2 protein chains.
Amino acid sequence: MTKTPLWQAIAESVRRDIADKRYTAGDKLPTEAALSGRFGVNRHTIRRALKALGEEGLVFARRGAGVFIASDVTEYPIGRRVRFHQNLRAAGRSPAKKLLALETRGAAQPEAEALRIDPGAPVVAYFGLSLSDDAPIALVVSAFPAERLPGISDALAQNTSITAALAAAGVDDYTRASTRLTAVAADATQALHLHVVEGAPLLRSQSVNISDIGPVEYGTTWFAGERTALIVEEDPDAQVR
Amino acid sequence: MTKTPLWQAIAESVRRDIADKRYTAGDKLPTEAALSGRFGVNRHTIRRALKALGEEGLVFARRGAGVFIASDVTEYPIGRRVRFHQNLRAAGRSPAKKLLALETRGAAQPEAEALRIDPGAPVVAYFGLSLSDDAPIALVVSAFPAERLPGISDALAQNTSITAALAAAGVDDYTRASTRLTAVAADATQALHLHVVEGAPLLRSQSVNISDIGPVEYGTTWFAGERTALIVEEDPDAQVR
DNA sequence: TAATATTTGTGCGTATGTATT
DNA sequence: GAATACATACGCACAAATATT
């Protein structure tokens, strides 16, 4: 009879607690110190167990904050992906949206080019996080030309959606210019926001929205690759050459 | 895997913003509170990042007033430019193409569903590599329904392009159904083919091509994220909702 | 001038991450 | 596994300087 390592037994115990909904998505687990007391083992043994759960995607840790239950991946491993499919046209525009920050500053070179304004001309920078059931889906950074859109800053602060804010600023009709897609690795802060590990693959979408008064938004969206997929609609009559 | 401290990642991000002239000499940075919201970290962590920038002489703080840009950074290591642009419609169909392998086997479940054939029905699997100036661009795996396309195996072996092979098999008119895009991490063999390190971000495109006789190709393409960007063409008349 | 709000500066306690012994 | 040490990070509270009204 082989002896089961302590950390495996502990991992199994916590796994049961999660399965039994004693802890649910977003909850904080007891501290490592508390768990080490409860199970009567060293903190490192607890850490070994939590590491295993982390690799299973069941929990994730935030240094200085605690260990938290990840979104219910176990129950709906496939369905979760399906639910979070994002349409490219709706990229970064899911209903639940958290405003992270808003600032007005000078336009950098690429922003100025995309928005067809002078470098240094004021832009309103919007930082947001798209959520679905508290699970972060995408990180959004958008630049708006301040002089072309009077009152856009207040509109963004008061409206939950970018579309609504643009409408409040007088733009109710705009089209998306060609979208540029590429895969990139998550940096430390992106990983923090999206609840993935540093270096995890992200899908980055860059696009410009244009109305009849000119470009109104230069937006970049980072999607958590593990949890989201973009569906690109294609013209059914289009020919593949 | 080296984990970058958050404060270093934040310092680097702000350093870039200064280098890109988003903030210029004399400007006031957003408040520590605003930055802590934008990056999703505690104010102490922001302060640590700002302290580093202060020690570099890039910024200085005035208690009660704010943090200001001391000087512009002119020299900055420019990131590798994206050298290759691929149109999504041409995904995996660039001129230089290397045939890696060709095999006939039974259809797996997802292939059967996509191609609308029975699981286990014969499919011809095509493994190829897209190149540009000897640099690998994308790894391509396509499945073709063997019974629906008599002679497709020989056609693929003899033709350099998939389009030509399909034409040789009697299909000269097909359309691409909606494409699914997501970011994934490169596994060991993909990394080898694409000349990237294992774990590097890849852009994965999955799509089905349909002709009047039914689905003719279920293809998956992995693009090297560091070297490629997909440009999604949009209907200029399309509305963003 | 005075009151109030904002912003940076500082301290303390606690939690996680990692390395060493 | 156990014990220790240190770096990183969070959360709260409050003081000090500045800005705003």
Side-chain angles (χ1 to χ4, degrees), chain A residues 2-14 23 26-55 58-70 100-105 129 136 153 157 186-200, chain B residues 1-14 23 26-55 58-70:
Chain A
T2 12
K3 200 172 155 192
T4 311
L6 276 175
W7 67 267
Q8 283 185 14
I10 293 165
E12 181 55 26
S13 174
V14 176
Y23 309 118
D27 283 2
K28 184 164 124 40
L29 277 179
T31 67
E32 293 173 349
L35 288 173
S36 90
R38 162 172 152 193
F39 288 103
V41 298
N42 188 273
R43 194 187 133 206
H44 287 81
T45 312
I46 296 294
R47 285 182 61 70
R48 180 102 195 254
L50 292 180
K51 186 188 173 197
L53 297 179
E55 283 165 358
L58 267 158
V59 303
F60 65 93
R62 286 195 68 190
R63 179 184 288 197
V67 178
F68 301 84
I69 308 298
L100 296 176
L102 261 183
E103 54 187 63
T104 303
R105 51 163 175 76
L129 195 58
S153 186
D187 70 24
T189 58
Q190 290 167 341
L192 191 66
H193 276 130
L194 294 173
H195 293 180
V196 298
V197 298
E198 185 180 347
Chain B
M1 172 78 97
T2 351
K3 195 166 179 188
T4 314
L6 281 172
W7 67 267
Q8 283 184 20
I10 292 164
E12 180 58 21
S13 177
V14 175
Y23 311 118
D27 281 2
K28 187 166 112 50
L29 275 180
T31 66
E32 293 172 350
L35 289 173
S36 92
R38 160 172 156 190
F39 288 104
V41 300
N42 189 274
R43 187 162 75 94
H44 283 307
T45 311
I46 295 293
R47 286 181 61 72
R48 179 123 194 223
L50 293 179
K51 184 187 172 200
L53 297 180
E55 284 164 357
L58 262 138
V59 303
F60 62 92
R62 280 178 49 215
R63 178 188 287 201
V67 179
F68 301 83
I69 308 297

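To find a chain, count down the sequence lines: A is the first, B the second, and so on, and within it residues start at 1. Note that the coordinates shown come from a computational prediction; the quantities given were computed from them, not determined experimentally.
The distance between atom CG of B:Leu35 and atom C1' of C:dT7, rounded to the nearest whole Å, is 12 Å. Following rounding to the nearest Å, B:Leu50 (CG) and C:dT7 (P) show an atom-to-atom distance of 14 Å. Atoms CD (A:Glu32) and P (D:dA2) sit 14 Å apart, rounded to a whole Å. The CH2 atom of B:Trp7 sits 14 Å away from the P atom of D:dC10 (whole-angstrom rounding). Regarding B:Lys28, its NZ atom lies at a distance of 14 Å from the P atom of D:dT18, rounded to whole Å. Distance A:Arg48 CZ to C:dG17 P: 16 Å, rounded to the nearest Å. Atom CD1 in B:Ile46 sits about 16 Å away from atom P in D:dT8, given to the nearest Å. Regarding B:Arg47, its CZ atom lies at a distance of 19 Å from the P atom of D:dA7, rounded to whole Å.
Taking 4.0 angstrom as the limit, B:Thr45 places none of its side-chain polar atoms (N or O) nearer than this to OP1 or OP2 of D:dT8.
What you find for A:Ala49 and A:Trp7 is that their closest heavy atoms are CB-O, 3.4 Å.
The side-chain contact (heavy atoms from CB on, under 4.5 Å) check on A:Ala61 picks up A:Val67, with sequence neighbours excluded. Scanning for side chain to side chain donor-acceptor pair (under 3.5 Å) contacts around B:Gln8 gives an empty result, with sequence neighbours left out. Scanning for salt bridge (Lys or Arg N to Asp or Glu O under 4.0 Å) contacts around A:Arg43 gives A:Glu32, with sequence neighbours left out. Residues forming a side-chain contact (heavy atoms from CB on, under 4.5 Å) with A:Thr189 (at least two apart in sequence, or on another chain): A:Asp187, B:Leu6, B:Ala9, B:Ile10, B:Phe39. With sequence neighbours left out, B:Ala65 forms a side-chain contact (heavy atoms from CB on, under 4.5 Å) with B:Arg62, B:Phe68.
The side chain of A:Ala61 approaches C:dG17 more closely than any other nucleotide in the set C:dG17, D:dT8, D:dC10. Candidate nucleotides D:dA2, D:dC10, D:dT8 were compared by shortest atom distance to the side chain of B:Asn42, and D:dC10 ranks first.
Across all strands shown, A:Arg62 has heavy atoms under 4.0 Å from sugar-phosphate atoms exclusively, and none from any base.
Side-chain atoms of B:Val59 and B:Val14, non-hydrogen and from C-beta on, never get closer than 4.5 Å to each other.
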Short N/O separations, protein against nucleotides 13-17 of chain D, under 3.5 angstrom:
| unit_1 | atom_1 | unit_2 | atom_2 | d |
| --- | --- | --- | --- | --- |
| D:dA16 | O4' | B:Arg63 | NH1 | 2.6 |
| D:dA16 | O3' | B:Arg63 | NH1 | 3.0 |

